[in-house]
Amino acid sequence: MRSFAYSRAADVESAVADVSADPTSEYLAGGTTEVDMLRLGVVRPRRVVDINDLPIAAIEELPDGGTRLGGLARMSDVAAHPVVRERYPMVTEALEKGASAQLRNMASMGGNLMQRVRCSYFRDGDRACNKREPGSGCAALDGVNRTHAVLGTSEHCIAAHPSDAAVALTALDAVIRLRGPEGERTVAFDDFFLLPGDAPEREHPIGHGELITAIDLPVLPVARTSHYLKVRDRESYEFALASAAVALGTEGGTVTEARIGLGGVATKPWRARRAEQALAGSEAGPEAFARAADAELADAVPRGMNGFKVELAKRTMVRALTEVAARTRGGTA
Amino acid sequence: MTPPQEGRTGLAGLAGHTVPRQATAAERDRGEIGPEPADVLLTVNGTVHRVRLEPRVSLLDALRERLDVTGPKKGCNQGACGACTVWVDGHRVLACLTLAVACEGREVTTVEGLADGDELHPMQEAFVDNDALQCGYCTPGQLMSAVALMKEGHHRDDAEIAEWMSGNICRCAAYPNIRRAIRQVRDSGGRAEQEGES
Ligand SMILES: Cc1cc2nc3c(=O)[nH]c(=O)nc-3n(C[C@H](O)[C@H](O)[C@H](O)COP(=O)(O)OP(=O)(O)OC[C@H]3O[C@@H](n4cnc5c(N)ncnc54)[C@H](O)[C@@H]3O)c2cc1C
Ligand code: SF4
Ligand code: FES
Ligand code: FES
């Protein structure tokens, strides 16, 4: 590992001031991505600024009935929180299906959203990778790309976004709270993740040093009937090949509200708006679910080894919808 | 190499001991250090050690190579195997993805801290009773996870145990016996240190 300096921030203001003023400084939260990247040499900061002492780890109910997850709240603490479990079960499920118990104790919610892609060419410093080395090409296009994305890709990058939690959070329309040198601002969840386009090195519309202080979950009754389904190569401790976060409301068998996120198959946490539109007002059943899944994957671009993901994503979405629909019937019967 | 020790004791061997994650600001306060080596105070199994290290040194390397605490193992060095599992402030974490310098003012517990003198921790005894290992390389990590699992209460049935132990890979596939050892401790129940509050 290359050497670097270290400092520990005591308050949010000085953390933001320190890192914003110095392009060669980076935040260190749980370290589960950052230390890995430092060791691989994918990131080469002069200094890491440890933010683990900042008072932004709380999980609180907001006056309007929403829920605020601190940027430093650990994945394990958020997953176990009774309010999250009850009101947003798909968030708990997505968190608990991510990584391992040890990693979840370390990893923060802010770090989870900022985690880097698992593309092996991105991690391997000797290979062409536009995300790591802009303009160098993309070794994955014609390489080993079985785990890569089929939605939201470009000719410049096809890496799948690895987060599970973010898939549930995009379906919820969570809001990201940021602190920068000029003060606070909020960004809608979907806007926080950029498509690779012709600049895959740019992943978020934020300035260097802007700090995620919190993620706000809105009041959303439909989220009480929600589910996260994750399909992977082994049963646990593995990233998703395909995943779906689904919240569904029905009345008399008709879909009144559907919120769907897809993971493992897209370059960002994927809000399945086409599927949601296809479902609205339909009878909650296999035909409508299949139509919705077809609509969402219509523009999928498979490459070499990942063609199976198109069908897998559809089936994952349909199965998650079927499971949640059964719960809504159970609830209203 | 015997590092200088500052004779602070008191927490050694208290399996399941949990202290708050946040240390006092004074304990953690420090200005910028490195990239050159700097003195760092690390509390490991109840003893404070002064170690001179660069900020890039992982907790795993500090333990193994500087403090001769070789229970935690280096399997993958990238968070994928669990062989390096230790507790920081009572929570199970991966020492390979933790910077040593970030652990100032925190309590680090390794497998060496589980036994009470010559008396093995009940989980260690259960691993022996149930042949829960073959080569033993993953075992220190398995033990630190298994005792943490007891505290967390994720031991209802084998499926739950398997899920919450999945962060510890065993190349010898001793999984059925590891689960049996965990069930044995669970079913023998009741001992304070197994429940985490002492
Ligand atoms: C073996 C392994 C398996 C994994 N499996 C999964 C999985 O199945 N599902 C899944 O979702 N994830 C998985 N992960 C990824 C893990 O969830 C992330 O590494 C973790 O969430 C990152 O959080 P952290 O606090 O450790 O961030 P760090 O590693 O400390 O930081 C990550 C990045 O975010 C920046 N950062 C951190 N906090 C903030 C903040 N508040 N504001 C702005 N920037 C910030 C840092 O500068 C850094 O660039 C896995 C990781 C490993 C190592
Ligand atoms: S898919 Fe993206 S991250 Fe992977 S090599 Fe191509 S540009 Fe790099
Ligand atoms: S050595 Fe730390 S997880 Fe493998
Ligand atoms: S006993 Fe050999 S790796 Fe587990």
Side-chain angles (χ1 to χ4, degrees), chain A residues 1-11 14 18 22 25 28-41 44-55 57 72-74 76-77 80 96-107 111 118 123 232 234-239, chain B residues 21-25 27-38 40 54-59 61 77-82 84-106 141 144-145 148-149 152 154 159 162-169:
Chain A
M1 203 188 308
R2 288 162 65 103
S3 54
F4 49 83
Y6 169 93
S7 68
R8 204 179 283 139
D11 56 78
S14 58
D18 279 2
D22 176 9
S25 283
L28 173 73
T32 61
T33 289
E34 186 69 9
V35 175
D36 196 24
M37 294 291 110
L38 286 165
R39 187 171 284 134
L40 292 168
R44 302 171 166 214
R46 180 192 69 81
R47 172 180 64 167
V48 300
V49 175
D50 183 343
I51 58 173
N52 284 289
D53 288 354
L54 301 186
L72 266 179
R74 307 294 156 170
S76 52
D77 292 334
E96 289 191 341
K97 292 205 162 106
S100 68
Q102 292 95 311
L103 286 158
R104 296 192 295 268
N105 279 342
M106 304 168 73
R118 310 299 296 192
R123 295 169 60 87
R232 41 190 161 171
R234 60 180 182 197
E235 206 174 309
S236 184
Y237 199 13
E238 187 54 89
F239 290 91
Chain B
R21 195 186 282 277
Q22 299 280 327
T24 67
E27 272 179 300
R28 304 253 309 150
D29 187 33
R30 68 144 68 246
E32 182 173 322
I33 58 165
E36 306 77 28
V40 172
E54 296 173 49
R56 65 174 164 175
V57 175
S58 70
L59 176 61
D61 285 342
N77 217 25
Q78 54 180 14
C81 77
C84 65
T85 302
V86 300
W87 303 339
V88 173
D89 285 355
H91 301 272
R92 51 172 157 158
V93 300
L94 300 176
C96 70
L97 294 184
T98 302
L99 295 183
V101 60
C103 295
E104 274 183 310
R106 308 228 188 269
M144 296 312 281
S145 262
L149 178 102
E152 296 161 5
H154 295 125
E163 173 59 35
W164 288 81
M165 289 296 290
S166 72
N168 293 83
I169 308 285

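In what follows, chains carry the letters A, B, and so on, assigned in the order in which the sequence lines appear, proteins first and then strands, with residues in each chain numbered from 1.
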key: Beyond-backbone contact of A/N52 with B/R106, side-chain heavy atoms, under 4.5 angstrom   = yes
key: B/E32 CD: over 12 foreign heavy atoms closer than 6.0 Å   = yes
ask   = Of the non-hydrogen atoms in A/R39 and B/N77, which two are nearest, and what is the gap between them?
value = NH1-O, 2.7 Å
task = Among B/V57, B/L149, B/T98, B/I169, single out the residue with the greatest number of heavy-atom pairs under 4.5 Å to chain A.
result = B/I169
query = Are any of the side-chain heavy atoms of A/F4 and B/L99 separated by less than 4.5 Å?
reply = yes
inquiry  = Please find the pair of heavy atoms, one from B/V101 and one from A/R8, that lie closest to each other, and give the distance.
reply    = O-NH2, 2.8 Å
message = I'd like to verify something: which residue of A/R104, A/E238, A/E34, A/K97 has the highest number of heavy-atom pairs under 4.5 Å with chain B?
response = A/R104
key: B/C81, part contacting chain A, at a heavy-atom distance under 4.5 Å   = backbone
Interatomic distance, A/S76 atom OG to B/R92 atom CZ [nearest 0.5 angstrom] = 9.5 Å
query = Considering only heavy atoms, which portion of A/V49 lies under 4.5 Å from any heavy atom of chain B: side chain, backbone, both, or neither?
reply = neither
A/R47, part contacting chain B, at a heavy-atom distance under 4.5 Å = side chain
inquiry  = Out of B/C96, B/G82, B/S166, return the one with the most heavy atom pairs under 4.5 angstrom to chain A.
reply    = B/S166
query = Roughly how far apart are A/M106 CE and B/L97 CG, rounded to 0.5 Å?
reply = 5.5 Å
request  = With rounding to the nearest 0.5 Å, note down the distance linking CG in A/D50 to CD in B/E104.
outcome  = 10.0 Å
request  = Check whether any side-chain heavy atom of A/E96 sits under 4.5 Å from a side-chain heavy atom of B/W164, and report yes or no.
outcome  = yes
ask   = If you count heavy-atom pairs under 4.5 Å between each of B/P35, B/A38, B/A162 and chain A, which one has the most?
value = B/P35
message = Side chains of A/S3 and B/E54: any donor to acceptor distance under 3.5 Å?
response = no
key: Rounded distance [0.5 Å steps], CG in A/N105 versus CG in B/D89   = 11.5 Å
key: Part of B/E36 lying under 4.5 Å from any heavy atom of chain A   = neither
key: Selection from A/V35, A/L40, A/L103 maximising heavy-atom pairs under 4.5 Å formed with chain B   = A/V35
